[in-house]
2 protein chains.
Amino acid sequence: MVSRVESAAATRRALVDAAAELLDEGGVDAVTLRAVGARAGVSRGAPYGHFPDKEHLLAAVATKSWEAVSEQLDTLTADRPPSERLQLALAGLMDVGRRRPHAYALMFSAPTAEHPEALAAVSRTHDQFLAIVADVIGDPQRARPIGALVMASVQGIIAMENSGHLTAEKWQVTGDELVRMLIGRIA
Amino acid sequence: MVSRVESAAATRRALVDAAAELLDEGGVDAVTLRAVGARAGVSRGAPYGHFPDKEHLLAAVATKSWEAVSEQLDTLTADRPPSERLQLALAGLMDVGRRRPHAYALMFSAPTAEHPEALAAVSRTHDQFLAIVADVIGDPQRARPIGALVMASVQGIIAMENSGHLTAEKWQVTGDELVRMLIGRIA
DNA sequence: CCGACTCACTTGACAATGTCATTTGAGTGC
DNA sequence: GCACTCAAATGACATTGTCAAGTGAGTCGG
């Protein structure tokens, strides 16, 4: 037996999942409210019962994507050496960028940063990342600037990889090698 | 007296300029073919005489934006010390990212990298940048990987600045300081 | 000088889409 | 058992990208 609120929550989840799938499959242009409704098994107007507009639905997708990264960071237990945790954390981020390029772009898009729920998920993930960086460099004072440099650089590497602007032929280097160069220079 | 081909070329220029203005003013959503036509003094269907579709018009805007950066790099004459030229080159890129954030995002977007004309402008600009990096580090062999790291990192810094994900309160650092940290670590 | 032609541009039309107002109907509390 | 709530469905509308057909100013051979 499903209560009304349970059904509504399930519909909301189905809408976000459907939007995420369509985003992964065909980019942001493929995420139409009609397609989302159809895949979620509801009508085209149903999203308006859960989100004020399409942008908020996409923000929910971005929030969920950030939460997935955050949960993956939770699995990096402290019994590993800090440098290994940093490497795994960056590898996890690069993995999202490569497996779900459209979702990744959405996670770092401007509208996402303006939705409180998304901001909270981003902030929590960044805090986890900063804690790892602090353990690596051993200096909490400098963790934030250095963490910002690493995060921004990795984000730029993935973004240029996905957009086709970072090719191995042109630059004689891969994204993974660039990340290794980067973390080799911050220690 | 304007010949027919001159008039057509002028219309094409007006369309690209109008699209660039609308992009700067209201983001990519504000660039509708009707608005572009109106601002260029032609009708909504006129762009189809010069571009196969809207994406090609946006690619032309990206191309022109890259060419502007390239021309600015041309002004960095070799009588400056290499490190100063690198700093000025990066400052120029950051300036575009801050003054024209939407155009900047377009320049690094995936569709842009698939249009030959845009690719040529990008490639030329990247070559100029690589030449400067080679002069700075004095090792042509390592210029490409290091240049890639710097370019990707700066791109990530600007992108996170523009999207609101890189705030001074959160990370205790500014984008400019990150760029200084970066070039300090590659020398 | 003029008639036919070219081609950039205009206009009408259409399907797709985001959004809102209205309606419907299943679950809920008295 | 009945009125009520609220999620969902439906109808409608403006906007947009795109294409087919039409138009008219510039061009060229005679």
Side-chain angles (χ1 to χ4, degrees), chain A residues 1-62 102 106 109-112 114-115, chain B residues 1-62 102 106 109-112 114-115:
Chain A
M1 189 54 184
V2 288
S3 76
R4 201 158 50 171
V5 299
E6 283 168 357
S7 165
T11 298
R12 194 197 132 104
R13 261 192 307 275
L15 288 169
V16 175
D17 289 345
E21 290 175 18
L22 289 166
L23 178 67
D24 289 339
E25 293 169 11
V28 69
D29 287 344
V31 185
T32 68
L33 291 181
R34 283 160 174 82
V36 169
R39 183 164 300 210
V42 291
S43 77
R44 68 186 192 277
Y48 286 92
H50 301 270
F51 306 95
D53 57 18
K54 184 182 177 181
E55 189 181 289
H56 280 75
L57 170 60
L58 288 174
V61 174
H102 298 111
L106 181 67
S109 71
T112 294
E114 290 164 4
H115 291 263
Chain B
M1 192 56 184
V2 288
S3 76
R4 203 156 51 172
V5 298
E6 283 169 356
S7 166
T11 298
R12 195 197 133 104
R13 261 192 307 275
L15 287 170
V16 176
D17 289 344
E21 290 175 16
L22 289 166
L23 177 67
D24 289 338
E25 293 169 12
V28 68
D29 288 344
V31 185
T32 67
L33 291 182
R34 284 162 174 80
V36 169
R39 183 164 301 209
V42 291
S43 77
R44 68 186 193 275
Y48 286 92
H50 302 270
F51 307 95
D53 57 16
K54 184 183 177 180
E55 189 181 289
H56 281 74
L57 171 60
L58 288 174
V61 174
H102 298 111
L106 181 67
S109 70
T112 295
E114 290 163 4
H115 290 264

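Letters A, B, ... mirror the listed sequences (proteins, then strands); counts begin at 1.
For residues 41-54 of chain B, the pairs satisfying side chain to side chain donor-acceptor pair (under 3.5 Å) are B:Asp53-B:His56, with sequence neighbours left out. Sequence neighbours left out, the pairs with a member in residues 31-42 of chain B that pass side chain to side chain donor-acceptor pair (under 3.5 Å) are B:Glu21-B:Arg39, B:Glu25-B:Arg39.
For the side chain to side chain contact (heavy atoms under 4.5 Å, CB included) test, residues two or more places apart in sequence or in another chain that qualify with A:Asp17 are A:Lys64. Scored by the side-chain hydrogen bond (donor to acceptor under 3.5 Å, both in side chains) test, A:Glu55 finds A:His115 as partners (sequence neighbours excluded). Listed by chain and number, the residues in a side-chain hydrogen bond (donor to acceptor under 3.5 Å, both in side chains) with B:Ser109 are B:Thr112 (sequence neighbours excluded).
Computed from coordinates, the A:Leu57 CG to C:dT17 P distance equals 15 Å when rounded to whole Å. Atom CZ in B:Phe51 sits roughly 14 Å away from atom C1' in C:dA8 (whole-Å rounding). As a whole-Å value, the separation of B:Arg13 CZ from C:dA8 P is 15 Å. Distance, A:Leu22 CG to C:dA16 P: 16 Å, rounded to whole Å.
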At under 4.0 Å between heavy atoms, which parts of nucleotides 12-21 of chain D does protein reach? Answer with one letter per nucleotide, 5' to 3': B base, S sugar-phosphate only, - none. B---BBBS--
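Counting non-hydrogen atoms under 4.0 angstrom, B:Ala46 reaches a base of the nucleic acid.
Paired with B:Val61 under the rule side-chain contact (heavy atoms from CB on, under 4.5 Å), one option of B:Val31, B:Val28, B:Val16, B:Val36 passes, and it is B:Val16.
In terms of phosphate contacts, A:Ser7 brings no side-chain nitrogen or oxygen within less than 4.0 Å of OP1 or OP2 of C:dG27.
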